[in-house]
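Have a look at the structure below before the remarks.
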2 protein chains.
Amino acid sequence: MATLKQVAAHAEVSVQTVSNALNAPHRLRPDTLERVNRSIELLNYRPNRNARSLRTSSVELIGYCVPDWPDQTHLVMDQFLHALCAAAERTGRHILLFTAPPGVDGMPTYDDLHARRLVDGFVLSQTETHDPRHGWLKEQGIPFVSFGRVWKETTQPGPWVDVDGAAGSAMAVRHLYDTGRRRIAFIGWPKSSGLGEDRLGGWRDECKALGLPTAGLSVRCREDSLDEGARAAASLLDAGREVDGIVALSDILALGALRELTRRGLTPGRDLSVTGFDDSPLADVVAPGLTSLRQPMDDIAGELITILTGSADGRPVERLLQPELVIRGSTAPG
Amino acid sequence: MATLKQVAAHAEVSVQTVSNALNAPHRLRPDTLERVNRSIELLNYRPNRNARSLRTSSVELIGYCVPDWPDQTHLVMDQFLHALCAAAERTGRHILLFTAPPGVDGMPTYDDLHARRLVDGFVLSQTETHDPRHGWLKEQGIPFVSFGRVWKETTQPGPWVDVDGAAGSAMAVRHLYDTGRRRIAFIGWPKSSGLGEDRLGGWRDECKALGLPTAGLSVRCREDSLDEGARAAASLLDAGREVDGIVALSDILALGALRELTRRGLTPGRDLSVTGFDDSPLADVVAPGLTSLRQPMDDIAGELITILTGSADGRPVERLLQPELVIRGSTAPG
DNA sequence: TCGGATGTTTTTAACGTTCAAAACGTCCGT
DNA sequence: ACGGACGTTTTGAACGTTAAAAACATCCGA
């Protein structure tokens, strides 16, 4: 494996000149540059990243904690990881994976990775309401950026990127309205979830703006599961509210609702429209197809990396991106 | 950030002694060791990984290429990644993600990562029939281990770990047999897929061993999609073969089959049993639940890391692990 | 009391790179 | 011809660690 020294000897220049040829080529006389480059090519030289990192104390690696949660929340993780990885590579960086206990118990792991100089900083995701990680990292002066908001009353520590859940719900409501639905219900999560309240608010506000009823049309589930989604749909139907559209807070809940409709002999898309959230692989796999709100993963990843690597000069460090409505059979297109 | 030098000064020993306290504590006199450890703790010292890597020329990072394929094939990737990550951490290592073009076009990327010393070696997955990567890496002397076989006629280059697909199919057949099914069909892939032929063989052999018919009971799909699965199920039913069980090569195909059964008013699990492969999140989310063959991800990841990091002294470098049948409603338990 | 064996610690020299400063040329205006 | 300005290249030192060898103790048996 060739080193700078060997390239320098071959090109008959000093080691520093070869280094400059790579990092500051404008400093070299054109003919020298060409000669050095020929030697580099000939010897198939590649800079040793460890040596460079030692000298510059920057490793060009970004830590990402792979979540250890129930399957449901993972459904779009591979999409996210791929986008993040690609975005990092566009800046010559890479993603380093690690595992850590959730919450504050995981902080020593983050600290350790940074202290041992395995990573320059972190991308947080799977953000929880009142997530303790942001404050902790900020206090330690460890660089990070969050995918997802913390939903505290106070200002959130550190930069973040998120998808506008309220706008997403509103888009879903609007789409149902445009396809003739007039009694649109919402299936959501417990009040403790900031994300849940955000999406719920979008539904409520858009319904009001369109002059649609909301009273008694919102159900909270205890957890993000099929059964809870089905139960919620059942309670809406049993209450005799004459619901003709359901905006569910997640694809899983939506699927549960779809199952309940089918069980009762109702045809999703025709008798009643349903939408989900996140456009997970599930959405494309259920019977009539589930209309869902896609998160713009490439944009999200791009923003995260831009912010984290500090190339976001002057740009805001809080970015709210718009989801995209992917229409499928569950809302009867056409 | 404390360095060895500072710890050494604080503990009033030489730098090398502190290094030894960490890497070869048995060399120190117990009281010295204690004193050094106190200083380490007090100064909150963490070894700089870049410096160590430079010196030892080993980075303790393992490269993994995040696949850029249609969603279906990703369905268990997050499980795999988590397991791989955890297994790596058990040996003090971590996973570095990267993207690369498929096939031989991606090889320069692998080479580059290794030459620049960003990784010590690679874990390959999404192995394709006649995958060119294995031979190439072996030729270059770059360490790697494969999750999945290459299905060449000749001996496969390099070590691998895989799940016994034939045994999996056999387990599925056996389970259907035990629950009273006697005409068990197989829905698979094109002949060009080694993995497909493996699983097909398992079905055929087990059926024969049990004295069950196979003639006309095997259908090949063009691709791994819902529609193809549905089409295959339809053709089996239309052919009047009186099929009462279906072993599908993937969860997606199985789901397609389930959809077709439901469409025809048949009840999966009661009228006809269906099994899938891989136990993806989908299996738990469809109507009666899909019986499927779970890949033992933790074992797989453990073996991969063990083999790659060379701690597999004398152990075979080709490991075939057994899948586990996860029984759900689609095969009418009880 | 001395040589050797053993156990502990220090010294020296790298690993491959980049930073900062110094040195070397070349050209120009005076 | 000389001083300065600029452009290009080299020198010396450092980043934080570990391998190998040397140095220093201590203890034992002869």
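Below, read A as the first sequence line, B as the second, and so on, with proteins coming before strands; counting in each chain starts at 1.
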Set out, line by line, the N/O atom pairs under 3.5 Å between protein and nucleotides 22-28 of chain D.
none

Between the protein and nucleotides 4-7 of chain D, list every N/O to N/O distance that falls short of 3.5 Å.
none

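Within the 3.5 Å criterion, the main-chain N or O of B:Gly194 finds a donor-acceptor partner in the side chain of B:Thr129. Side-chain N or O atoms of B:Asp131 include one that pairs as donor or acceptor with a backbone N or O of B:Glu128 at under 3.5 Å. With hydrogens and angles ignored, the 3.5 Å screen pairs a side-chain donor or acceptor of A:Glu89 with a backbone N or O of B:Thr99.
By the ring pair (Phe, Tyr, Trp, His ring centres under 6.0 Å) test, A:His82 is found to be paired with no residue, residues two or more places apart in sequence or in another chain being considered. Residues satisfying the ring pair (Phe, Tyr, Trp, His ring centres under 6.0 Å) criterion with A:His114, sequence neighbours excluded, are absent altogether. For B:Ser58, the side chain to side chain contact (heavy atoms under 4.5 Å, CB included) test picks out B:Thr56, B:Glu60, B:Asp120, with sequence neighbours left out. Partners of A:Glu34 under the salt bridge (charged side-chain N to carboxylate O under 4.0 Å, His left out) rule, at least two apart in sequence or in another chain, are A:Arg38. Partners of A:Arg90 by salt bridge (charged side-chain N to carboxylate O under 4.0 Å, His left out), not counting sequence neighbours: none found.
With 3.5 Å as the limit, one finds no donor-acceptor pair spanning the side chains of A:Thr91 and A:Thr309.
No option in B:Gln295, B:Gln156, B:Arg149 other than B:Arg149 meets the side-chain hydrogen bond (donor to acceptor under 3.5 Å, both in side chains) test with B:Asp162.
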Side chain to side chain contact (heavy atoms under 4.5 Å, CB included) between A:Asn48 and A:Met1, intermediate numbers included:
CA-CA 10 Å; A:Asn48 181 314; A:Met1 203 112 309; over 6 Å; no
Go through the steps to decide whether A:Leu96 and A:Val59 satisfy the test side chain to side chain contact (heavy atoms under 4.5 Å, CB included), and finish with yes or no.
CA-CA 11 Å; A:Leu96 182 141; A:Val59 282; over 6 Å; no
Full working for side chain to side chain contact (heavy atoms under 4.5 Å, CB included) between A:Leu308 and A:Arg93
CA-CA 11 Å; A:Leu308 184 58; A:Arg93 272 161 260 254; over 6 Å; no
Before giving the answer on side chain to side chain contact (heavy atoms under 4.5 Å, CB included), spell out for B:Asp78 and A:Val66 the whole-Å C-alpha distance, their side-chain angles and the decisive distance to 0.1 Å.
CA-CA 8 Å; B:Asp78 50 353; A:Val66 339; over 6 Å; no
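Remark: C1' of C:dC15 and CG of A:Leu4 are 13 Å apart, rounded to the nearest angstrom. Across the protein-nucleic acid pair, B:Glu34 atom CD and C:dT8 atom C1' stand 17 Å apart, rounded to whole Å.
Non-hydrogen atoms lying under 4.0 Å from DNA chain C are contributed by B:Leu54, B:Arg55, all within residues 35-60 of chain B. Of the residues in residues 11-24 of chain A, those with a non-hydrogen atom less than 4.0 angstrom from any atom of DNA chain D are A:Val13, A:Ser14, A:Gln16, A:Thr17. At a non-hydrogen distance threshold of 4.0 Å, nothing from residues 111-118 of chain A comes into contact with DNA chain C.
To the nearest 0.5 angstrom, A:Ser280 atom OG is 8.5 Å from A:Gln79 atom CD.
The list of side chain to side chain donor-acceptor pair (under 3.5 Å) pairs with a residue in residues 100-113 of chain B, not counting sequence neighbours, reads A:Arg46-B:Asp111, A:Arg46-B:Asp112, B:Tyr110-B:Arg133, B:Asp112-B:Arg116.
At a threshold of 4.5 Å between non-hydrogen side-chain atoms, the residues B:Ile307 and B:Trp160 do not count as touching.
Projected onto DNA chain C by closest heavy-atom contact, A:Lys5 and B:Leu33 fall at different nucleotides, the more 5' of which corresponds to B:Leu33.
When the side-chain nitrogen and oxygen atoms of B:Thr3 are compared with OP1 and OP2 of D:dC15, none of them lie within a distance under 4.0 Å.
Taking the six-membered ring for Trp, A:Tyr64 and A:Phe147 have ring centres at least 6.0 Å apart.
For the helix from C:dT1-D:dA30 to C:dT30-D:dA1, the end axes, each set by the C1' atoms of five terminal pairs, are bent relative to each other by 60° (nearest 10°).
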